[in-house]
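In this chain, numbering begins with 1 at the start of the sequence shown.
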Amino acid sequence: MIKKIGVLTSGGDAPGMNAAIRAVVRAGISNDLEVYGIHDGYRGLYEGKIERLYRKSVSETINRGGTFLGTERLPEFKYREVREVGIENLHKHGIDALVCIGGDGTYRGALALTEMGISCIGIPGTIDNDVAGTDYTIGFDTALNTIVDAVDKLRDTSSSHRRCSLIEVMGRNCGALAINAGIAVGAELVITSETGYNEEEIIESICEAAKAKRHCIVIIAEKVTNVSELAKTITSRTPFQARASILGHIQRGGCPTPRDRVLASCMGVKAVEELLKGNGGVCICEVNNSLKAIKFEEALTMKKDQVTEKMKSFKELW
Ligand code: F6P
């Protein structure tokens with residue numbers, strides 16, 4: 001019987017992580033568990049930064065962006081000796097199970113800990129929506145809202161000046177934020193690693209847009225190209241002057257949307273339920289609006305292509 005559980009956030013932060021921690025803490029306490037917060041992700045586990053959390057510890061956190069526990073990326077966690085130190089620290093507090101909130105990297109760490117005897121449950125927390133097995137990750141909806149709000153503003157000034165706005169959005173290697181933002185703002189073009197990058201086609205589409213519109217909104221996923229260089233090319237080869245905006249880390253912050261708070265809260269409760277059932281080595285997924293748990297191995301090997309299908313709708317709408 002599990003008596004003491006830990007909770008940590010790892011990898012890039014995402015709005016709604018606090019709501020997920022709060023849910024784990026309160027659902028745990030409601031089920032007579034002691035709950036411990038591990039600060040700064042797997043690094044904090046290694047360094048023994050562990051503190052007991054109470055109902056009150058998570059008061060007034062549901063509406064706050066970021067993660068009050070702190071987060072980090074710790075590539076060294078792939079080494080067994082590093083994980084052994086972390087496990088020793090858990091044993092010092094009598095903690096026998098962990099809820100790990102984050103993306104793929106977090107899941108890999110959680111799977112490795114499970115294989116070493118610590119039951120772990122994963123909760124998908126990343127703005128990228130790139131965790132397979134779940135329709136949505138915590139933070140994606142808030143980041144998408146942030147992007148849409150920024151692009152609506154950029155469209156005003158682009159239209160006034162008859163310009164092309166190139167907007168680079170985050171997503172690591174996944175175009176989910178880009179394609180969804182593109183549809184939501186009525187962009188003229190969306191470029192992601194899934195769509196591929198063809199400069200001649202881009203120039204052609206922008207010249208086409210210039211025949212009908214005073215502005216041209218191009219959403220580009222990060223890592224696809226250098227947007228400042230592309231802006232220069234567009235200015236020299238199309239009727240539009242172009243300006244590049246890199247939205248950057250603003251996409252990671254801010255007050256989580258109700259959608260993210262609800263998703264995070266329900267996933268946190270489900271994670272505790274799974275631990276109480278004696279399950280470990282699984283991650284929580286939202287599929288068709290209901291929650292389920294699948295094995296880490298499954299989530300880590302499954303493919304998730306959200307761009308190809310949505311590109312069809314995007315092209316029809318242009
Ligand atoms: O995974 C979240 C994310 O924001 C990605 O979209 C982005 O590529 C990366 O993290 C940025 O990482 P960092 O905060 O370390 O610059």
Practice item. Taking atom types as modelled, find out whether His39 and Glu51 have a side-chain donor-acceptor pair closer than 3.5 angstrom. Key: yes

Review point. Can you check whether Ile179 reaches Phe314 side chain to side chain, under 4.5 Å on heavy atoms?
Key: yes

Review point. More than 12 foreign heavy atoms under 6.0 Å from NZ of Lys213: is that the case here?
Key: yes

Point to revise | Pairwise side-chain contact, Leu263 with Glu286, heavy-atom cut-off 4.5 Å (strictly under) | key: yes

**Study point:** Verdict with reasoning, His215 to Ser158, per side chain to side chain donor-acceptor pair (under 3.5 Å)
**Key:** CA-CA 5 Å; His215 64 259; Ser158 298; over 6 Å; no

Point to revise | Flag, side chain of Glu274 to backbone of Gly280, donor-acceptor distance under 3.5 Å | key: no

Review point. So, Thr308 and Asp305: side-chain donor and acceptor under 3.5 Å apart, yes or no?
Key: yes

**Study point:** Heavy-atom donor-acceptor pair, Asp130 side chain to Cys174 backbone, under 3.5 Å
**Key:** no

Point to revise | Residue pair Asn173 / Lys223, side-chain donor-acceptor N/O under 3.5 Å | key: no

Review point. Strictly by modelled atom types, are Thr257 and Asp141 linked by a side-chain donor-acceptor pair under 3.5 Å?
Key: yes

**Study point:** Student check: side-chain heavy atoms of Thr114 and Phe296 closer than 4.5 Å
**Key:** yes

**Study point:** Charged tip of Arg259 within 45° of Tyr136 ring normal and under 6.0 Å
**Key:** yes

